[in-house]
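Read the structure below first, then the notes.
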Amino acid sequence: MAQEAGVSLGTVSDILNRSEAVAEATRTRVPEVIDSLGYIRAEGARRLRGWASRVIAVMVLDMANPFFTALASGVEQAAREADLGVMVRTGAHDPAEAARHLSPITSHQVRGAVLTTDVGIGRTVVAFRRNAVPFVIADQSAPQPAACSVGIDDLAGGHAAARHQIAQGHRSIAYVNGPDSLQQARNRRHGALRAVGEAGLPADTLLEPPCSALTVDARKDAGHRTLGLPERPAAVFCANDLLALGVMQALYEAGLGAPDDIAVVGYGDIEFAASAVVPLTSIRRPALAMGQQAGRLLVEDTSVGLLHEHTHVVLQPELVVRRSTTAVPAR
């Protein structure tokens with residue numbers, strides 16, 4: 001590191017210890033090199049060599065999304081079974097935010113970490129490997145080399161959602177997706193397109209209004225974009241439940257409703273899905289089970305004396321039908 005920055009080891013040490021004796025230009029250059037190399041200062045390792053941590057870290061994308069709250073709860077349950085504690089960090093969808101969390105995690109000398117995936121996961125994985133922090137990736141669509149992972153068959157989930165809407169007689173389905181950079185979102189789309197093809201319908205049966213994120217902030221915008229399509233779709237399939245609830249809110253504000261005007265399917269089956277004014281049909285993702293499985297794999301991987309082989313676990317989604325796609329029969 002010192003060689004790459006063109007300074008001595010003593011100068012690097014001074015900067016890490018916030019010495020004001022180092023020239024300003026050097027104080028700026030060295031941290032940039034440190035960041036590019038993925039170095040993380042492990043305070044706990046300096047103080048307690050050989051100490052085995054009793055803490056698991058969980059890095060999730062967005063704790064405002066109940067899916068990640070349930071996943072973290074699952075990890076916590078697995079940790080409690082092993083008499084371990086849990087440290088939760090958010091913002092893994094933002095590479096800069098994730099980088100800020102890496103130092104506290106390694107400084108506390110965590111036993112290992114469960115990471116949820118997004119665009120910035122590659123840099124996080126590199127940093128964890130460089131600093132010898134064991135990890136398991138949760139919500140992963142494809143196997144991760146040299147690490148355990150737990151994922152959902154999102155191809156099957158997208159297929160089930162679109163097949164259900166086609167079975168209801170709908171021939172115009174808007175798919176409100178997240179960023180195309182997300183493998184999970186792409187898989188849900190591919191699954192929906194497969195269902196469209198199997199029904200002998202043209203690919204343009206699946207309309208795709210743009211949506212920039214799978215967050216609380218994006219949900220109402222998703223509804224307005226859907227209603228702003230040149231032709232109003234008969235049904236909407238959303239890449240998560242937050243977007244679906246936003247679509248139903250936009251329908252209500254426009255004097256429309258589900259399923260009479262537009263049938264709505266979400267993805268995730270979060271707690272709010274069943275308790276909405278119009279209960280939401282959704283693809284259930286077993287978030288709690290995913291967290292439990294990821295936590296147990298991490299405990300096994302980091303337990304002294306246990307033989308461990310990295311595995312990729314794929315959990316199956318489930319279609320849960322409610323009133324947002326099936327009208328209540330007349331009495």
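As the structure is a prediction and not an experimental result, all values here were calculated from the model.
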Heavy-atom pair of closest approach, residues [X] and [Y]:
| X | Y | value |
| --- | --- | --- |
| Leu245 | Ala276 | CD2-CB, 4.0 Å |
| Ala263 | His170 | CB-NE2, 3.5 Å |
| Ala113 | Leu298 | N-CD2, 3.4 Å |
| Ala195 | Ala162 | CB-CB, 3.8 Å |
| Pro209 | Thr226 | CG-OG1, 4.0 Å |
| Ala185 | Asn177 | CB-OD1, 2.9 Å |

Quick check on side chain to side chain contact (heavy atoms under 4.5 Å, CB included): which of Val196, Leu193, Val265, Leu206 does Tyr175 satisfy it with? Leu206
Looking at Leu84, Val60, Val114, which hits side chain to side chain contact (heavy atoms under 4.5 Å, CB included) with Val75? Val114
Output yes when a side-chain donor or acceptor of [X] lies under 3.5 Å from a complementary backbone atom of [Y], and no otherwise.
| X | Y | answer |
| --- | --- | --- |
| Gln316 | Ile152 | no |
| Asp241 | Tyr267 | yes |
| Asn240 | Leu243 | yes |
| Ser324 | Thr281 | yes |
| Thr205 | Pro202 | yes |
| Asp301 | Leu297 | no |
| Ser149 | Ile137 | no |
| Thr116 | Met59 | yes |
| Arg54 | Asp83 | yes |

In this structure, would [X] and [Y] fall into the same cluster of hydrophobic residues linked by side-chain contacts under 4.5 Å?
| X | Y | value |
| --- | --- | --- |
| Leu201 | Leu207 | no |
| Val247 | Val320 | no |
| Val277 | Leu256 | no |
| Met290 | Val313 | yes |
| Ile166 | Leu319 | yes |

How many angstroms lie between [atom1] in [X] and [atom2] in [Y], if you round to the nearest 0.5 Å?
| X | Y | atom1 | atom2 | result |
| --- | --- | --- | --- | --- |
| Arg232 | Leu251 | CZ | CG | 8.5 Å |
| Ser282 | Phe237 | OG | CZ | 9.0 Å |
| Met87 | Arg111 | CE | CZ | 14.0 Å |
| Cys238 | Met248 | SG | CE | 9.0 Å |
| Gln165 | Ser172 | CD | OG | 10.5 Å |
| Ile270 | Thr69 | CD1 | OG1 | 9.5 Å |

Side-chain contact, heavy-atom cut-off 4.5 Å: [X] with [Y]?
| X | Y | value |
| --- | --- | --- |
| Val236 | Val176 | yes |
| Val136 | Gln293 | no |
| His190 | Arg194 | no |
| Pro66 | Glu271 | no |
| Leu288 | Leu71 | no |
| Ile173 | Pro233 | no |
| Val86 | Val55 | no |
| Leu280 | Thr325 | no |

Salt-bridge contact Glu198-Arg163 (side-chain N to carboxylate O under 4.0 Å): no
For the pair Asp269 and Arg322, find out whether any cationic side-chain nitrogen is under 4.0 Å from an anionic carboxylate oxygen. yes
Would Val278 and Tyr252 satisfy side chain to side chain contact (heavy atoms under 4.5 Å, CB included), going step by step from the backbone distance to the final call? CA-CA 11 Å; Val278 177; Tyr252 175 79; over 6 Å; no
Taking it one step at a time, do Val88 and Met63 satisfy side chain to side chain contact (heavy atoms under 4.5 Å, CB included)? CA-CA 9 Å; Val88 179; Met63 284 298 282; 4.3 Å; yes
Verify side chain to side chain contact (heavy atoms under 4.5 Å, CB included) between Arg186 and Asp154, making sure each step is shown before the conclusion. CA-CA 9 Å; Arg186 293 199 301 273; Asp154 285 311; over 6 Å; no
Would Ile262 and Leu227 count as a side chain to side chain contact (heavy atoms under 4.5 Å, CB included) here? Give the steps. CA-CA 10 Å; Ile262 298 180; Leu227 293 180; 4.0 Å; yes
Paired with Asn187, the side chain to side chain donor-acceptor pair (under 3.5 Å) test is passed by just one of Arg189, Gln183, Gln184, namely Gln183
